[in-house]
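Here's the structure we're looking at; comments come further down.
Here is how names work: the chains are called A, B, and so on, in the same order as the sequence lines, proteins then strands, and each is numbered from 1.
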Amino acid sequence: MSYDHKAIEARWQKHWATEGIFRAEADPSRPKFYNVCMYPYPSGALHQGHVRNYTYGDLLTRYKTMQGFNVLSPMGWDSFGLNAENAAIKDGIHPRINTENNIDTMRSQIQQLGSMYDWDRELASHDPSFYRWDQWLFLELYQRGLAYKTAAPVNWCPKDQTVLANEQVVEGACERCGTPVVHKNLAQWFFKITDYADRLLDDIETLEHWPERVKTMQRNWIGRSEGARFDIEVDGGDSFDVFTTRPDTIFGMTFCVLAPEHPLVPSLIADSENEAEAREYIAAANRASELERMAEGDKTGVFTGKYAINPVNERRVPIYIADYVLMGYGTGAIMAVPGQDQRDWDFATKYGIEIIRTVQPPAGWEGEAYVGDGTTIHSGFLDGLERAEAITRITRWLEEQGIGEATIQYRLRDWLISRQRYWGCPIPMINCDNCGLVQVPEEDLPVLLPDIEDYLPKGRSPLAAVDEFVNTTCPECDGPAQRETDTMDTFVDSSWYFFRYADARNDEAIFDPEKPAYWMPLDQYIGGIEHAILHLLYARFITKVLYDMGLSSVEEPFMRLFTQGMITLEGAKMSKSKGNVVDPAGLFASHGADALRLYHLFMGPPTDDAAWNPNGIDGTRRFLERVWKIATEDYEFADHGADNADQEILGLAHRTVRKVTEDIDRFHFNTAVPALMVLCNEFSDYLSGSPRRETYEDVLRLLLLLLAPMTPHIAHELWEQKGYGNMLATEAWPTWDPELAKEESATLVIQVNGKVRDRIEVSADITSDQARELALGSDKIQSWIDGQEVKRVIARPPNLVNVVVG
RNA sequence: GCCCGGGUGGCGGAAUUGGUAGACGCGAGGGGCUUAAACCCCCUUGAGCCCUGACGGGCUCGCGUGGGUUCGAAUCCCACCCCGGGCACCA
C-alpha cells in the first residue's frame with residue numbers, strides 16, 4: 001500500500017474530532033499547560049505565516065499532551081476591524097457575511113493542517129455574545145475612572161477616515177495604509193493606560209521567558225524619564241509648567257518654548273506686536289501632517305512678544321512658540337538650555353539667542369551643545385557640583401521655594417480607543433441633554449451593532465447616520481438622548497480574549513473568575529513579532545486591570561512568549577498585495593499537511609525570518625515516503641541474538657529521543673527534524689542487513705512516537721497499522737535509556753599545534769593517559785613531531801588530543 | 001543619531017556554547033533502473049594544489065574585514081565594514 005496522504009489525513013482529522021481528544025477540562029490534580037496562538041484576523045485563507053504559527057502551536061499541544069499535561073489549546077477569531085470593513089466596501093458585501101465566510105474557510109484549513117483545538121471554546125470578537133463583554137468591561141473601566149472622554153489633538157488618518165492610537169502611527173503615517181497622519185482636535189474616548197505605566201514597566205522584569213528584544217521595545221515605548229517639574233512665571237502675570245530631565249542646567253536657560261497647541265498661547269499672543277505672525281505659525285503647525293513637521297529638519301518658531309522669569313536668577317528670557325516642542329509630552333512647554341541641548345542650540349543659533357554653558361565640557365571640546373557629564377559652571381550656588389549632586393540640590397531648592405518637585409515622566413500616552421468606523425464594538429454610552437454622559441445599564445447590554453446599508457467612512461462613524469441606532473431615551477431621566485456612535489479599537493477585544501477562552505460560553509458574566517484561575521497565565525503564547533508593542537502591551541494592561549478588579553489571579557498574562565519570524569519569498573514578505581503568497585490548499589493536495597508541517601519545522605530557526613523554497617517541501621515529503629516504506633515493507637527477520645548492528649541502531653534511537661526532546665524544549669525544531677532524518681537513514685541501512693524483529697519494532701515505535709507531534713497523521717496511521725494502538729496522540733512521550741544512549745566508540749582527533757593530523761576510532765570511555773599514549777604512538781603524529789620537543793599534551797578524551805611542539 | 005539582532009558552501013541552515021567547520025535538506029554533476037521520461041536507488045559536491053597507473057591518500061587556505069587572547073576561536077576581547085529590525089524634535 002502506498003502513502004496516500006489525502007485519505008490518511010482526512011481519516012485521522014475526523015477521528016480526532018469525533019474522539020474529542022483535545023477537549024480540555026480544568027483538573028487541579030494534573031499540571032496544566034495553556035497554549036495559545038494569537039487568534040487570527042479572518043482575512044480569507046491561511047497564508048504560510050499562519051501555517052508556521054499553528055504548526056508550532058500544535059506541535060506543543062501534542063507534545064505536552066503526550067507528556068501528561070492537561071493542555072488547553074483554543075482558537076478564535078479577531079473578526080472586527082478595518083480590514084474586513086475595507087474589503088467589504090471594495091466587494092460590496094456586508095462585513096459580517098464576508099467575515100463569517102472567511103472564518104469558515106480558515107477553520108477548515110486549520111483542521112486540514114491537522115491542528116487540534118478545543119473547538120467548544122471557539123470565539124469571534126464580532127459575535128454579540130463576545131462583544132457584550134467588551135462593553136461590560138468598558139463600563140467597568142469607566143466606573144473606575146480608567147475610561148474617559150476628552151477633546152485632544154489626535155492622529156487622524158485621512159484615508160481610513162478615523163483616529164488612530166499613537167501605537168498605530170508609524171513614522172508619521174497610518175500603520176495600516178501608510179497615509180500621512182494629520183492632527184485633529186476631537187472629543188475621543190481614552191483608556192488610562194498611563195496610570196499603569198510604572199507597573200507595566202516594572203513587571204517587564206518578571207517576564208523571564210520573553211524575548212529580550214520585545215522587552216526592550218516595551219521599555220522604550222513606555223519611556224520613563226526622571227526629572228523635575230516646575231513653574232515659570234510670565235513677566236506681567238500668568239505662568240506655565242515645564243518638565244526637564246536636566247534641572248541642573250537651569251542657570252543656562254536663555255529662552256522658553258511652548259508647543260503651538262499649548263493652552264496659554266492664545267492669551268500670550270493676544271496683544272503682542274507679533275500676533276499675526278504667531279497666529280499664522282500656529283495655523284500652519286496645525287495643518288501640517290506629522291510627516292511634514294518632522295521632515296522640515298530645520299527648527300522653526302515665532303516669538304510671542306512675552307518674557308518669562310527664570311526663578312533661580314530672575315533673568316528675563318523670551319518665550320517662543322515652536323513645533324519642536326510637542327503638546328503630548330511633558331507639559332508642552334520647556335525651559336530651553338542651548339548650552340546643554342542640541343535642539344535648543346539649533347534654535348538659539350537660528351534666532352540669535354544667547355548661549356550659556358553650565359556644564360564644563362571636556363578639554364578640547366569642539367562640538368555644539370554638550371550633553372555629557374561634567375562640573376557645573378556659571379550656575380550660582382550649583383557651581384562646582386557634579387551632575388547628580390546638582391540635580392539633587394536644585395530639585396530640593398525648587399521644592400523649598402514651593403514652585404516645583406521631582407517627577408517622573410512617561411513617553412507612554414493614554415490609549416485612544418474610539419474609532420469612527422462601522423465594523424467594531426459600539427461604545428455603550430449615551431449622551432443626554434440633561435444628564436450628560438450616561439452609561440448604558442448593564443441589563444441593556446449588548447448594544448447591538450445594527451445592520452446598515454452604507455458603511456462608507458465619512459469622517460464620522462457611519463452609525464451616526466442611523467437614526468434608529470442613535471436616538472434613544474436617557475436611562476436616567478427618560479428624556480430623548482443619543483448614543484455614542486464611535487466603535488472601539490479592535491485591540492480592546494484582543495486584550496482579554498484569552499481569559500474568555502477559559503469560560504467561553506458564559507452568558508451571565510464575562511467569565512467565572514474560578515475558570516481562568518486554573519488556566520491562567522498562558523504557559524505559551526505564540527505569534528508574530530509585529531505585536532511586540534501594541535497587542536502585548538494592551539493585553540498586559542487589561543490583565544492588570546482585571547487583577548485589580550479581582551477577576552484575574554495573575555498580573556501578567558503571558559508566561560512564555562514566542563515570536564516567530566516571517567516567511568519571505570525572494571527577499572520580500574509574503575503578502576496578498578505583492579501577489580507572492582503560497583496557498584496552503586494546493587500543498588495539502590499535492591504534498592499533504594504532514595509534509596508541509598515538517599517543512600515548516602525544518603526550514604530554519606523559528607525566531608528567524610525564513611525564505612520559502614518551493615522545493616523544500618519535496619524533501620520532507622520524500623522523507624515521509626521513506627518512513628512509510630520502512631514501516632510497511634516486508635522483512636525477513638533474522639533469528640540471531642542482538643549483535644553490534646542492533647546495539648548501534650537502538651543506541652541511536654535512544655540518543656534521538658534525547659535530542660528531539662531537548663530540541664523541542666528549547667524551540668529548536670529545525671535541528672530536531674534532521675535528527676529524525678539521520679535515524680531513518682541509519683534505520684534503512686540496518687534493515688538492509690540482517691535485522692531482528694524485536695529491534696525493528698522497538699526502533700519503529702520510538703520513531704513514530706517522536707513523529708507524532710510533528711507529522712501526526714502518518715504517525716497515527718502507521719501506529720495503528722502496526723497494531724501498536726489506535727490513538728497515538730494519547731500515548732506517553734518516550735524516555736531514553738541513558739545506558740542504551742551511551743556512545744560505544746568515538747573518533748579521537750589528534751592535533752599537532754592545533755592542526756588535525758590524525759583520527760583514531762577509540763572506545764568512548766578511554767582515559768586521558770590512554771588517549772595521550774595513543775596519540776604519541778601514532779606514526780603520522782610522530783612524523784609531524786619530527787624530533788621536535790614535545791612541550792605539552794592536552795588530552796580531552798574521548799574526542800581530542802593536542803600535541804604542542806616547537 | 002540611539003538601542004537590539006545578524007553576516008558560515010550555489011541556497012536554507014548545523015556546529016554538544018572554546019575542541020573534527022559545513023550535520024540534515026534543497027540545488028547541481030555523474031551513474032543505475034527504464035524503449036524513454038518521471039519516480040526511486042547509488043556516488044560526487046567549500047576553494048586551490050599535490051602524490052598515485054588505479055584504488056586511494058595528502059597539503060594549504062577557508063565562518064564579513066583587520067588585529068588580539070588561547071595549546072586550540074565560527075564561538076571570547078578590541079576596532080572597522082555591511083545587512084535587517086525597533087525607536088527617534090520625548091525636553
**OP:** Would you list the pairs meeting side chain to side chain donor-acceptor pair (under 3.5 Å) in which at least one residue belongs to residues 598-609 of chain A, sequence neighbours left out?
**Re:** A:Gln48-A:His600
Subject >> Counterpart residues, side-chain hydrogen bond (donor to acceptor under 3.5 Å, both in side chains), relative to A:Lys659 (two or more places apart) >> reply: A:Asp663
Original post:
What integer number of Å spans the P atoms of B:C78 and B:G5?
Top reply: 14 Å
Subject >> Side-chain N or O of A:Arg621 closer than 4.0 Å to phosphate OP1/OP2 of B:G25 >> reply: no
**OP:** Tell me, please, which residues at least two apart from A:Pro674 pass side-chain contact (heavy atoms from CB on, under 4.5 Å).
**Re:** A:Phe602
Original post:
Reckon A:Asn615 touches a base, only the sugar-phosphate, or nothing at all at heavy-atom distances under 4.0 Å?
Top reply: sugar-phosphate
**OP:** Please tell me which of A:Thr331 and A:Glu212 maps to the more 5' nucleotide of RNA chain B, matching each residue to the nucleotide holding its nearest heavy atom.
**Re:** A:Glu212
Subject >> B:G9, syn or anti by chi within 90 degrees of zero >> reply: syn
Subject >> Touch class at under 4.0 angstrom, heavy-atom based, for A:Trp784 against every strand present >> reply: sugar-phosphate
Original post:
Given B:C3, B:A91, B:A88, which nucleotide is nearest the side-chain atoms of A:Tyr329?
Top reply: B:A91
Subject >> Nearest-Å distance for atom pair CZ/P, residues A:Arg622 and B:C39 >> reply: 8 Å
**OP:** Please state how far atom CD in A:Gln48 lies from atom P in B:G12, giving the value in whole angstrom units.
**Re:** 18 Å
Original post:
When you match A:Met603 and A:Ala333 each to their closest nucleotide on RNA chain B, which lands nearer the 5' end?
Top reply: A:Met603
Original post:
Taking atom C1' in both B:G1 and B:A88, what distance in whole Å separates the two?
Top reply: 8 Å
Original post:
When you check the phosphate oxygens OP1 and OP2 of B:G5, does a side-chain N or O of A:Thr607 lie under 4.0 Å from one of them?
Top reply: no
**OP:** Pick base, sugar-phosphate or nothing for A:Arg413, based on heavy-atom distances below 4.0 Å to the nucleic acid.
**Re:** base
**OP:** For A:Arg213, report the nucleic acid contact type (base, sugar-phosphate, nothing); a contact means any heavy atom under 4.0 Å.
**Re:** sugar-phosphate
**OP:** Salt-bridge test for A:Lys742 and A:Glu744: reply yes if a basic N is under 4.0 Å from a carboxylate O, no otherwise.
**Re:** no
**OP:** Only counting residues at least two apart or in another chain, list the ones meeting side-chain contact (heavy atoms from CB on, under 4.5 Å) with A:Pro797.
**Re:** A:Ile766, A:Ser768, A:Ala771, A:Ala795
**OP:** Output the distance between atom NZ (A:Lys780) and atom CZ (A:Arg759), rounded to the nearest 0.5 Å.
**Re:** 9.0 Å
Original post:
Looking at the side chain of A:Arg792, which of B:C40, B:C71, B:A91 is the nearest nucleotide?
Top reply: B:C71
Subject >> Partner set under side-chain hydrogen bond (donor to acceptor under 3.5 Å, both in side chains) for A:Thr661, not counting sequence neighbours >> reply: A:Trp733
Subject >> Rounded interatomic separation in angstrom, taking NE2 from A:His600 and P from B:G25 >> reply: 19 Å
**OP:** Determine the interatomic distance between C1' on B:G72 and the same-named atom on B:G19; round to the nearest Å.
**Re:** 7 Å
Original post:
Just how far, in rounded Å, is P of B:C39 from CZ of A:Phe623?
Top reply: 20 Å
Subject >> Counterpart residues, side-chain contact (heavy atoms from CB on, under 4.5 Å), relative to A:Arg387 (two or more places apart) >> reply: A:Arg246, A:Asp248, A:Asp373, A:Ile391
Polar pairs (N or O, both sides) under 3.5 Å between protein and nucleotides 61-64 of chain B?
{"from": "B:C61", "atom 1": "OP2", "to": "A:Lys755", "atom 2": "NZ", "distance (Å)": "3.2"}

Original post:
Is the shortest side-chain N/O distance from A:Arg219 to OP1 or OP2 of B:C4 below 4.0 Å?
Top reply: no
**OP:** May I ask you to verify whether the side chain of A:Lys791 and the base of B:C71 hold a donor-acceptor pair under 3.5 Å?
**Re:** no
**OP:** Answer yes or no: is there an ion pair linking A:Lys215 with A:Glu205, defined by an N-O contact shorter than 4.0 Å?
**Re:** no
Original post:
Out of B:A91, B:G27, B:G58, which has the shortest distance to the side chain of A:Lys780?
Top reply: B:G58
Got a list of protein N/O to nucleotides 46-52 of chain B N/O distances below 3.5 Å?
none

Subject >> B:G27 versus B:G13 - spacing of their C1' atoms, nearest Å >> reply: 14 Å
**OP:** For B:C63 versus B:G7, give the span between their P atoms, rounded off to a whole number of Å.
**Re:** 13 Å
Original post:
Excluding sequence neighbours, so at least two apart, what forms side-chain hydrogen bond (donor to acceptor under 3.5 Å, both in side chains) with A:Tyr370?
Top reply: none
Original post:
Base, backbone or nothing for each nucleotide of nucleotides 16-24 of chain B, written B, S, -, heavy atoms under 4.0 angstrom, 5' to 3'?
Top reply: ---BB--BB
Subject >> Whole-Å gap separating P (B:C71) and CD (A:Glu789) >> reply: 15 Å
Subject >> For A:Gln751, all residues meeting side-chain contact (heavy atoms from CB on, under 4.5 Å), sequence neighbours excluded >> reply: A:Val749, A:Val756, A:Leu800, A:Asn802
Original post:
Quick one: side-chain hydrogen bond (donor to acceptor under 3.5 Å, both in side chains) partners of A:Tyr3, sequence neighbours excluded?
Top reply: none
Original post:
To the side chain of A:Ile533, which of B:A91, B:C87, B:C26 is closest?
Top reply: B:C87
**OP:** Taking atom C1' in both B:U45 and B:G10, compute the distance separating them and give it to the nearest angstrom.
**Re:** 10 Å
**OP:** Figure out the NE2/P separation between A:His591 and B:C26, and round it to whole Å.
**Re:** 11 Å
Original post:
Is A:Lys299 close enough and on-axis enough to A:Tyr324, meaning under 6.0 Å and within 45°, for cation-pi?
Top reply: yes
Original post:
Would B:U8 be called syn or anti, given that syn covers angles within 90° of 0?
Top reply: anti
Subject >> Watson-Crick or G-U wobble partner of B:G62, both distances under 3.5 Å >> reply: none
Original post:
What interatomic distance, in whole Å, is found between C1' of B:G29 and the corresponding atom of B:C82?
Top reply: 33 Å
Subject >> Euclidean distance for P, B:C43 against B:G56 (whole angstrom) >> reply: 13 Å
**OP:** Would you classify A:Asp609 as touching base, sugar-phosphate or nothing, given that sugar-phosphate means primed atoms plus P, OP1 and OP2, and contacts are heavy atoms under 4.0 Å?
**Re:** sugar-phosphate
**OP:** Would you verify whether the NZ or CZ of A:Arg655 falls within 45 degrees of the ring axis of A:Trp736 while also being under 6.0 Å from that six-membered ring's centre?
**Re:** no
Original post:
Between A:Glu662 and A:Arg666, is the closest basic N to carboxylate O distance under 4.0 Å?
Top reply: no
Original post:
When you measure from the side chain of A:Asn613, which nucleotide among B:A88, B:A91, B:C26 comes out closest?
Top reply: B:C26
Original post:
Rounded to whole angstroms, how far apart are CZ on A:Phe669 and P on B:G13?
Top reply: 17 Å
**OP:** Quickly work out the A:Asp248 CG to B:A91 C1' distance and round it to whole Å.
**Re:** 13 Å
**OP:** Counting Watson-Crick and G-U wobble pairs only, both distances under 3.5 Å, name the nucleotide matched with B:C87, or none.
**Re:** B:G1
